[in-house]
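First comes the structure, then the notes that go with it.
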Amino acid sequence: MPHVAILGLGIMGAGMAHNLLKAGFQVTVYNRTIEKAQPLSEAGAQIAGTPREAAGGAEVVLSMVADDVASRGVWLGDDGALAAVRAGTLLIESSTLTTGWVRELAEIAREKGCTFLDAPVRGSKAQAEGGELSFLVGGDPAVLERARPILEAMGRRIDHLGPVGSGATMKLINNLMGGVQVALLAEGLVLAEQAGLNLEQVVPLLINGAPGSPIVKGKAARIVARDYTTDFALRWMHKDLTYALDEAMLHNVPLPTVAAAREIYRLAMAHGHADEDFAAVVEALRPPQ
Ligand code: NAP
């Protein structure tokens, strides 16, 4: 079994690392806030103090961090993983990132004699914990075959979208649609609240009717209950919509609905909801209590 290094033990990375351990891989973990690595240590992982140390003995290095800045830091920073990787190491970037950075990283990996996949995920906290993620992969199909046993330990579906960057592009499209749908759900529910409708009647009608996509089904009750326990932080949805708008700009594609939705997430962040679940976007729209 290959030795795998995991960089990033947030909501997603922690679940992924646990599932690799359960599948019998030798796992070394790194997290900027080292305390978060303790449960992994108890489950049998080695803890590294830097990404460089984590990558040193690994045959596979997988990153699951917040954004482009975090990814650049763990791969290329002073103690970054790329300072330690040996030629032949398989690098996997699973964070949701810009396609520009993912392609730049792939090129740096190539110069080091490493292979690279972008493999962002669908699914959230529960799917990361349950080993039920869905990987959206960009890169060489032969490299994917090498990565497959590792991805299969963390997920139940793998889709190969094309060359490096294709997984990242697909992921941004996936999330721009999810982000808009939840902002729209929030608008509908606030109107229902203010118009005096009975929400116990409204929610089943919405989620079991034409607007009831899986994400609308998942967030409606939480919005009504004001339960913003974080599965996916609002600040990262704002980040994803920003990256989607950047991508669209590159292709000269207008995304006016995404731009409007991104502003609602920005307002919710300004009102102090950045670290809550992105269902809290509704708080940008509700009148003050
Ligand atoms: P999270 O819980 O906020 O964890 C973020 C991780 O990134 C933590 O390990 C954090 O370290 C690290 N990090 C942040 N800034 C850093 C920096 N400058 N240098 C080094 N490490 C840094 O986020 P998450 O929900 O696990 O999401 C991780 C990635 O998966 C994001 O790209 C997100 O968009 C994507 N994603 C999330 C979900 C979801 O439902 N949660 C679903 C699909 C994809 P600290 O612990 O030290 O803060």
Side-chain angles (χ1 to χ4, degrees), residues 5-19 29-40 45 47-55 61-82 92-99 101-102 105 118-137 151 154-155 157 167-168 170-179 182 214-215 218-219 222 228-244 262 265 269 273-280:
I6 300 283
L7 313 177
L9 300 172
I11 287 174
M12 301 299 284
M16 294 163 79
H18 274 294
N19 282 311
V29 295
Y30 161 78
N31 197 61
R32 179 181 61 175
T33 308
I34 200 157
E35 295 75 34
K36 285 194 199 166
Q38 195 51 40
L40 268 302
I47 300 182
T50 63
R52 180 186 191 136
E53 188 188 326
V61 184
L62 183 146
S63 155
M64 191 55 166
V65 293
D67 55 9
D68 278 15
V69 172
S71 172
R72 200 175 270 279
V74 296
W75 290 110
L76 284 185
D78 287 344
D79 277 316
L82 283 166
I92 304 175
E93 182 43 273
S94 283
S95 324
T96 306
L97 304 171
T98 62
T99 59
W101 163 240
V102 164
L105 179 57
D118 62 309
V121 302
R122 294 187 301 159
S124 191
K125 183 180 182 182
Q127 290 73 29
E129 287 174 354
E132 294 172 346
L133 292 171
S134 160
F135 287 90
L136 303 169
V137 179
L151 302 185
M154 300 180 286
R157 179 172 174 149
M170 181 66 229
K171 176 62 185 167
L172 293 178
I173 295 167
N174 186 83
N175 278 28
L176 76 82
M177 295 187 63
V182 173
I215 199 159
K219 297 296 179 188
R222 296 185 58 169
Y228 308 132
T229 314
T230 312
D231 285 341
F232 180 34
L234 192 146
R235 71 165 72 248
W236 304 143
M237 180 54 89
H238 178 269
K239 174 260 301 182
D240 291 355
L241 298 185
T242 302
Y243 289 175
R262 197 259 303 256
Y265 286 96
M269 284 171 59
H273 300 285
D275 293 318
E276 294 174 346
D277 191 79
F278 74 107

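Residues take their numbers from the sequence shown, with the count starting at 1. In listed order, ligands and their atoms are each counted from 1.
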> Name the residues with a heavy atom less than 4.0 Å from ligand 1?
Replying inline: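 For ligand 1, the contacting residues are Gly8, Leu9, Gly10, Ile11, Met12, Asn31, Arg32, Thr33, Lys36, Met64, Val65, Ala66, Ala70, Val74, Ser95, Thr96, Val121, Gly123, Ser124, Lys171, Asp231, Phe232, Trp236, Lys239, Asp240.
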Between [atom1] on residue [X] and [atom2] on residue [Y], distance to nearest 0.5 Å:
{"X": "His18", "Y": "Leu9", "atom1": "NE2", "atom2": "CG", "answer": "8.5 Å"}
{"X": "Lys219", "Y": "Phe232", "atom1": "NZ", "atom2": "CZ", "answer": "9.0 Å"}
{"X": "Lys239", "Y": "Thr242", "atom1": "NZ", "atom2": "OG1", "answer": "9.5 Å"}

Do the side chain of [X] and the main chain of [Y] share a donor and acceptor less than 3.5 angstrom apart?
{"X": "Asn175", "Y": "Asp240", "answer": "no"}
{"X": "Asp231", "Y": "Lys125", "answer": "no"}
{"X": "Asn19", "Y": "Glu129", "answer": "yes"}

